[in-house]
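Keep in mind that the numbers below use all heavy atoms, side chains included, and drop hydrogens, waters and symmetry copies.
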Amino acid sequence: MYRPDVVEIGYARGVPMRGDLATAPDGVNAPVFMVGALKDPWSGNLDGKQIIKGWVDTDSERHERISDLAVSDGREIGADGRASDPVGNTVDVEQATWTNTIGAPELRAVWTDTDFDPSVPAVYYASVLEIPTPTWQACDKARFDIKITPEGIPRSHQERAHTSPI
């Protein structure tokens, strides 16, 4: 999974974002996704990677399933495909700072859609979540010593990024 030529393998054998999956070769029953992410050097470490699958069933009902692919800090993904333990939170809301003592600088995973049905059209996209970092409201309060209204506005949150769908 951590081969140095992973990008070349992806371009040679994969489908890029916004692409369509081709008909699978004989013996392949489900799509396999190779997903990797690096942290933004100016922001928080990574909490986890997810695949979001959307589909419409035969009754025209829309469905969505989120599956955790990789999570940081030795947490485990359960049989339901989700990590139940949060990554933690190092945010100091008064100073509007955080530390990268939790999370990971890089996450990679390979995931197979074991519920794949070739007769049901589906869409997939990946998401990456950072560890909690201060909100802009927390930064404004710390830097400019202003009152933030209304009360109860969150002072930390988890940034996330999404890929284009396949």
Side-chain angles (χ1 to χ4, degrees), residues 1-11 13-19 21 28-55 62-117 120 122-139 141-142 148 152-166:
M1 188 166 19
Y2 282 89
R3 292 176 50 161
D5 60 343
V6 69
V7 173
E8 289 83 5
I9 292 168
Y11 279 113
R13 299 177 48 197
V15 175
M17 292 186 297
R18 295 182 54 200
L21 293 173
V28 176
N29 299 324
V32 177
F33 295 87
M34 179 177 65
V35 183
L38 295 170
K39 75 178 276 321
D40 179 335
W42 292 80
S43 193
N45 279 339
L46 303 180
D47 169 8
K49 294 271 318 146
Q50 301 173 327
I51 284 274
I52 296 91
K53 176 184 179 180
W55 72 97
R62 292 186 298 176
H63 300 274
E64 178 181 273
R65 185 181 73 224
I66 300 171
S67 298
D68 289 319
L69 306 183
V71 291
S72 62
D73 294 348
R75 294 175 295 147
E76 295 190 13
I77 298 170
D80 64 351
R82 301 304 310 270
S84 58
D85 297 326
V87 68
N89 189 335
T90 65
V91 173
D92 177 339
V93 294
E94 295 306 315
Q95 299 297 315
T97 60
W98 77 97
T99 61
N100 276 326
T101 55
I102 60 173
E106 178 181 18
L107 292 172
R108 294 187 192 181
V110 174
W111 179 77
T112 302
D113 181 3
T114 56
D115 296 326
F116 181 71
D117 179 347
V120 177
V123 62
Y124 302 87
Y125 62 95
S127 178
V128 61
L129 288 78
E130 287 184 351
I131 64 170
T133 54
T135 61
W136 66 266
Q137 293 93 341
C139 292
K141 178 164 182 10
I148 302 297
I153 291 177
R155 302 288 170 84
S156 70
H157 64 163
Q158 287 186 269
E159 298 281 357
R160 58 188 68 220
H162 302 282
T163 65
S164 296
I166 294 177

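- Nearest heavy-atom pair across Ser164 and Tyr125 is O-CB, 4.1 Å.
- A distance of 5.5 Å separates CD1 of Ile77 from CG of Asp68, quoted to the nearest 0.5 Å.
- Under the side-chain hydrogen bond (donor to acceptor under 3.5 Å, both in side chains) criterion, Lys141 pairs with no residue, sequence neighbours left out.
- For the pair Thr135 (side chain) and Pro154 (backbone), a donor-acceptor distance under 3.5 Å is present.
- Annotation: side-chain contact (heavy atoms from CB on, under 4.5 Å) contacts of Ile166 (sequence neighbours excluded): Val15, Leu21, Phe33.
- Smallest separation of non-hydrogen atoms from Gly44 and Trp98: CA-NE1, 3.6 Å.
- In this structure the side chain of Val87 never reaches within 4.5 angstrom of the side chain of Val71, judged on heavy atoms.
- Atom CD1 of Ile131 and atom OG1 of Thr133 lie 7.5 Å apart (nearest 0.5 Å).
- Annotation for Ala104 and Ser72: closest pair N-CB, 3.8 Å, computed over non-hydrogen atoms.
- The pair Arg62-Glu64 fails the salt-bridge criterion, with no side-chain N (NZ, NE, NH1 or NH2) lying under 4.0 Å from an Asp/Glu carboxylate O.
- In this structure, the ring-ring contact (aromatic ring centres under 6.0 Å, His included) partners of His63, at least two apart in sequence or on a different chain, are Trp55.
- A salt bridge links Asp115 with Arg65: at least one charged nitrogen is closer than 4.0 Å to a carboxylate oxygen.
- Going from atom CE of Met34 over to atom CZ of Arg108 covers 8.5 Å, rounded to the nearest 0.5 Å.
- Taking both residues in full, the closest heavy atoms of Asn29 and Phe116 are given as O-CD2, 3.3 Å, listed atom of the first, atom of the second, then distance.
- Smallest separation of non-hydrogen atoms from Thr112 and Ala30: CG2-CB, 3.9 Å.
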Item to complete: List the steps, then state whether side-chain contact (heavy atoms from CB on, under 4.5 Å) holds for Asn45 with Ile102.
Response: CA-CA 7 Å; Asn45 279 339; Ile102 60 173; over 6 Å; no

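- In this structure, the side-chain contact (heavy atoms from CB on, under 4.5 Å) partners of Asn89, at least two apart in sequence or on a different chain, are Val91, Pro132, Ser156.
- Looking at every heavy atom in both residues, Val123 comes nearest to Pro165 through CG2-CB, 3.3 Å.
- Judged purely by atom type and a 3.5 angstrom limit, Thr99 has no side-chain atom pairing as donor or acceptor with the backbone of Thr90.
- Residues in residues 31-50 take part in these salt bridge (Lys or Arg N to Asp or Glu O under 4.0 Å) pairs, two or more places apart or across chains: Asp47-Arg75.
- A donor-acceptor distance shorter than 3.5 angstrom exists from the side chain of Gln158 to the backbone of Glu130, with no hydrogens or angles considered.
- Sorted by first and then second residue, the salt bridge (Lys or Arg N to Asp or Glu O under 4.0 Å) pairs involving residues 155-166 (not counting sequence neighbours) form an empty list.
- Checking side-chain atoms of Asp5 against main-chain N and O of Glu8 turns up no donor-acceptor pair under 3.5 Å.
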